[in-house]
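Below, each value reflects all heavy atoms present in this structure, side chains not excepted, and no hydrogens, waters or symmetry copies. We count ligands from 1, going down the list as the structure has it; atoms in each ligand are counted the same way.
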Amino acid sequence: MVARVIAVDPFDLIVFGATGDLAIRKLIPALYHRDEAGQIPPEARIIGASRRPLSDEAFRDAACAALQEHVEPANRADAALQRFLARLSYVAVDAAGDAGWSDLAARVADQPERIRVFYLAVKPDLFGPICGQIGHHGLASTHARVVVEKPIGKSLESARAVNDAIGEVFPEERVFRIDHYLGKETVQNLMALRFANMMFEPLWNNAHIDHVQITVAETLGVEGRAGYYDTAGALRDMAQNHLLQLLCLTAMEPPTSLADNAVRDEKLKVLKSLVPITAENVGEWTVRGQYRAGASEGGPVAGYLEELGAPSSHTETFVALRAQVANWRWAGVPFYLRTGKRLAGRVSEIVIGFRPVPHSVFDTSAGPLLPNRLVIRLQPDEGVKLWLMIKDPGPGGMRLQHVPLDMSFAAVFPVRNPDAYERLLMDVVRGNQTLFMRRDEVEAAWAWIDPILDAWALSHDAPKPYTSGTWGPSAAIALIERDGRTWHEDES
Ligand code: BG6
């Protein structure tokens with residue numbers, strides 16, 4: 001199986017926050033991989049921009065160090081490295097002030113017609129000011145587009161303000177709001193699975209599906225990001241965007257095509273169909289947790305408060321939610337969502353739990369008849385498992401077993417699994433918005449999240465503590481078990 005590379009048009013990519021964490025860990029390695037694969041044309045330029053003065057040479061050194069750290073040695077041929085580094089240059093620009101903007105304008109002035117991408121890998125409060133300066137300096141040509149990362153605001157109101165500020169300079173069709181989960185291979189596979197196969201869609205409804213589980217579990221803590229994280233928490237950091245996007249792709253109606261607005265219209269309808277969680281049901285349908293000291297990946301780890309260096313905080317590092325989509329397809333089918341840091345394992349998966357068969361023809365010696373489950377594993381060990389009941393081989397009567405039809409993508413497709421940013425960056429250059437969030441989607445997601453935040457604030461309850469290295473507070477287990485269901489655990 002060979003990866004297919006379709007070259008993109010020449011572009012100038014200006015990365016604000018060029019020496020920050022996102023650029024170093026994700027953007028520069030992703031661009032390098034695309035360049036190494038031959039997707040980036042020779043004329044394309046990558047211009048780093050941030051406040052601190054740095055020579056082109058020093059920026060290339062920083063990029064080179066990033067590649068040494070984040071790219072496998074087998075993919076780091078010297079010629080490819082040198083070719084990539086030669087594309088890089090640097091301009092010191094004050095995002096909020098005037099310094100450096102004319103230098104940046106001069107750097108791209110020779111190519112006014114070229115695709116120009118502004119990637120804002122900076123704090124969200126700089127989105128508005130940077131867009132303002134881009135407009136003010138005449139850099140927002142008709143071929144220019146802007147890429148922003150989450151979080152877009154902290155609430156519906158602040159998200160609107162950020163979107164308004166961006167919208168003053170860039171029309172919606174040139175705004176690319178990244179949710180990197182949409183760039184993950186297996187997330188796109190969810191669309192392939194649903195819409196390129198006949199066998200799932202007829203069953204994809206409340207007549208055949210009992211419930212859906214979406215888990216994004218991490219073993220890492222908040223690392224060096226406690227300052228940001230404490231102002232966000234798991235609901236804003238993961239649920240408002242990644243979990244809800246996964247829910248949308250699972251629950252949406254088949255779009256008429258993969259055209260950007262065809263897909264985004266369907267996702268928006270799902271977000272608008274979510275049953276509100278308010279002060280009345282927040283205690284029953286949500287669980288918040290915060291990790292304490294414990295063990296993770298074989299070693300002792302500190303608790304959240306120690307990492308934060310504060311005696312107390314009500315910020316949740318874990319959240320479990322029982323969501324409901326109020327429409328004909330999904331009425332009565334709960335969607336259980338959970339995400340957390342310092343959990344027992346790193347696993348992201350979507351589990352479709354089917355209903356039990358209506359009548360058993362087997363006698364009790366066959367053993368229990370367990371319902372089918374379709375497990376879409378996003379990471380790690382990307383793949384799809386379909387759990388079926390099968391007869392135990394050999395004599396001894398009709399004994400049944402629950403076993404998976406197991407497709408591991410690494411075994412079937414022995415190619416490097418590209419990072420989400422590789423695809424997303426090339427989609428920006430191509431101008432394809434299908435895997436990016438439209439303004440109304442982001443705002444509809446906030447409109448569902450805001451009342452949960454308000455209800456939590458009203459309750460004054462602290463998040464429930466959980467020991468690092470466990471699956472979160474026991475209340476999260478109770479949340480699903482109250483309904484007679486359990487969180488999926490891989491039995492194989
Ligand atoms: C980010 C969150 O959006 O996603 C982080 O801000 C989180 O807190 C990360 O760790 C998880 O992404 P991935 O790709 O490692 O699953």
Nearest to [atom], what protein heavy atom do you find, and at what distance?
atom	answer
atom 16 (O) of ligand 1	Tyr181 OH, 2.5 Å
atom 6 (O) of ligand 1	Asp237 OD1, 2.7 Å
atom 12 (O) of ligand 1	His180 NE2, 3.1 Å

Using modelled atom types and a 3.5 Å cut-off, is there a donor and acceptor pairing between side-chain atoms of [X] and backbone atoms of [Y]?
X	Y	answer
Arg439	Glu172	no
Arg87	Ile40	yes
Arg60	Leu88	yes

Point-to-point distance, once rounded to the nearest 0.5 Å, from CG of Asp35 to CD1 of Ile46: 7.0 Å

With heavy atoms of Lys341 as the reference, note each atom of ligand 1 found under 4.0 Å away. 5 (C), 7 (C), 8 (O), 10 (O)

Under 4.0 Å from one or more heavy atoms of Lys184, ligand 1 contributes atoms 13 (P), 14 (O), 16 (O)

Report the part of Tyr229 in contact with ligand 1, treating N, CA, C, O as backbone and CB onward as side chain, heavy atoms under 4.0 Å; options are side chain, backbone, both, neither. neither

Smallest separation among heavy atoms of Ala232 and Glu316, with atom names: O-OE2, 4.3 Å

To check you understand the geometry: which heavy-atom pair defines the closest contact between Asn75 and Tyr32, and what is its length? O-OH, 2.6 Å

Check whether any N or O atom of Glu218, backbone or side chain, sits under 3.5 Å from an N or O atom of ligand 1, and answer yes or no. yes

Taking both backbone and side-chain atoms of Arg346, is any N or O found less than 3.5 Å from an N or O belonging to ligand 1? no

